[in-house]
Amino acid sequence: MATSVKIRLQSPPADTFPEEVQLIAGARQSLSGLEIRRYSRQLLLPSFGVEAQQKLAKASVLVVGAGGLGSPVLLYLSASGVGCLGIMDPDSVELHNLHRQVIHSEASVGELKVKSAAATCLAINSSLQVILLCDDDIAAQVREYAFALEAANALEVISDYDIVVDASDNVATWYLISDACIVANKPLVSGAALGMDGQLTVYNHAQGPCYRCLFPIPPSQSACQHCANAGEETHSVQLAETTHKLTEKTLPEFDYEAFTSSPLCDAPPPGQQIVGEDQSITCRGYKEVREAHEAHLLLDMQEHHEYTIAALPSSLNIPFSLLPLQQDAIVAAAEVTTSHGIKSLQVYVICRRGNDSQAAVNELRSFGLSAYDITGGFQSWVQDVDPNFPFF
Amino acid sequence: MQLTLEFGGGLELLFGSKKKHQVDVSPSNGHIELTVEALLVWIRDNLLKERPEMFMKDKSVRPGVLVLINDSDWELCGRLEGVLEDKDTVTFISTLHGG
């Protein structure tokens, strides 16, 4: 018989609670019942709890880039109850974004990414828009910036936020955001991804270093797959030294594109014409060669895995990087035996955008072949000949 | 000296798309110890398949490459002068810029 056990149903006076219980009892006043239900599973985490939820609700976060990295960041911040989100991205949603930029949907293809991302964030958590959670009078809201961060606007934009997330896609913006966070004294959470690799770094936090501290010299253009110019290097080193002294006044004037020798966006570099017209053929011209059934050799410079995605029939795939090793195979493939003896066919060279193919033409000519560049590659082929070719 | 070399962040493309290499490297003639500087030269001459300028600049790695020795930043291990030991792992990571 358990008659000796008495259960007291009435709560003891507050001051008899242990300290941590008092904290929750006190905190309840500033989290609504709805919020407690909504965020209960993370409130229950001892390492998170009410205090962190309140900090989150008061926090404002600027996310630069609403792409592959920005998507999960924005989704999780919205869902977890952050008070104020800034979203910045100049781009519009494209079909090939959807497989990884999961904040956007089919219906938003063609729309500005900030619009699409903001709509998803608000659909997940309407309190982002309507509840005043920030004690410095910033209304909780999703703000949109449909433009790229630039030296001229960076400090003004960043100054409104507590934390900055760099989810951008280019070197110039990385330096700009890092510098601006130092000048404005904001912690910076920086992410990057390429293929199956990812990196996450927190800069300017707890006396930690900034991006420029770790990488005073930007990677060369060639390392970023743009064209190199040896003369730029010293220039960059000098700039690196001066840039650590950037201030509110000088940062807006700093030329990040010159410093990193790369644009403040991730667009492919503009095409360069390095072979002459006498060594080139337009896509329309090459289409006629095919239709006339002229004997020739078509070399496709794509990497092998690209070639398996889309290619023209009756072509020989020699990835550009392997070209020097394949000299004998190419020369043999171009040879035909006629009544007058062995003759070498004309060789047409195609690649995705018409850059590698030009370099290849120079190399093939050094092998003694009559090589011609198909100007503009598959990109032009889609525009000028076959809009249904699956250019990716 | 048995070393494990790891290449990431796209650098593996310069090494036949292979990320992890088990190698046997000896100090060059007249040296007792193998420094990181000597290892870089060995990698360039023995392992690198293409575009050396994407891996090295002058005597060091090109700007934008993180070097870790047994998972510690090489800045803490003497950079180029750091001395390697048998069974060490040296990791080279190209900083990524994809968004």
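All of these numbers come straight from a predicted model, not from anything done at the bench. Heavy-atom basis, side chains included; hydrogens, waters and symmetry copies ignored. Naming: A, B, ... by sequence-line order, numbering from 1 per chain.
Here the CD atom belonging to B:Glu12 is positioned 11.0 Å from the CE atom belonging to A:Met196, to the nearest 0.5 angstrom. Between atom CG of residue B:Leu66 and atom CZ of residue A:Phe215 there is a gap of 4.0 Å, rounded to the nearest 0.5 Å. Distance NZ/B:Lys49 to CG/A:Leu325: 10.5 Å, rounded to 0.5 Å. Atom NE2 of A:His305 sits about 9.0 Å away from atom OG of B:Ser17, to the nearest 0.5 Å. Of the inter-residue distances, the one linking B:Thr95 atom OG1 with A:Leu214 atom CG reads 9.5 Å to the nearest 0.5 angstrom.
Nearest approach of A:Pro218 to B:Pro63, heavy atoms of both residues: O-CB, 3.6 Å.
Chain A forms more heavy-atom pairs under 4.5 Å with one residue of B:Glu50, B:Lys19, B:Glu75 than with any other, namely B:Lys19. Ranked by heavy-atom pairs under 4.5 Å with chain B, the first of A:Asp166, A:Leu194, A:Val64 is A:Leu194.
Counting heavy atoms of neighbouring residues, nucleotides and ligands inside a 6.0 Å radius, atom NE2 of A:His205 does not exceed 12 of them. The local environment of NE2 in B:His31 is sparse, with at most 12 non-hydrogen atoms from other residues, nucleotides or ligands closer than 6.0 Å.
Counting heavy atoms from C-beta on, the side chains of B:Lys57 and A:Ile217 never come closer than 4.5 Å.
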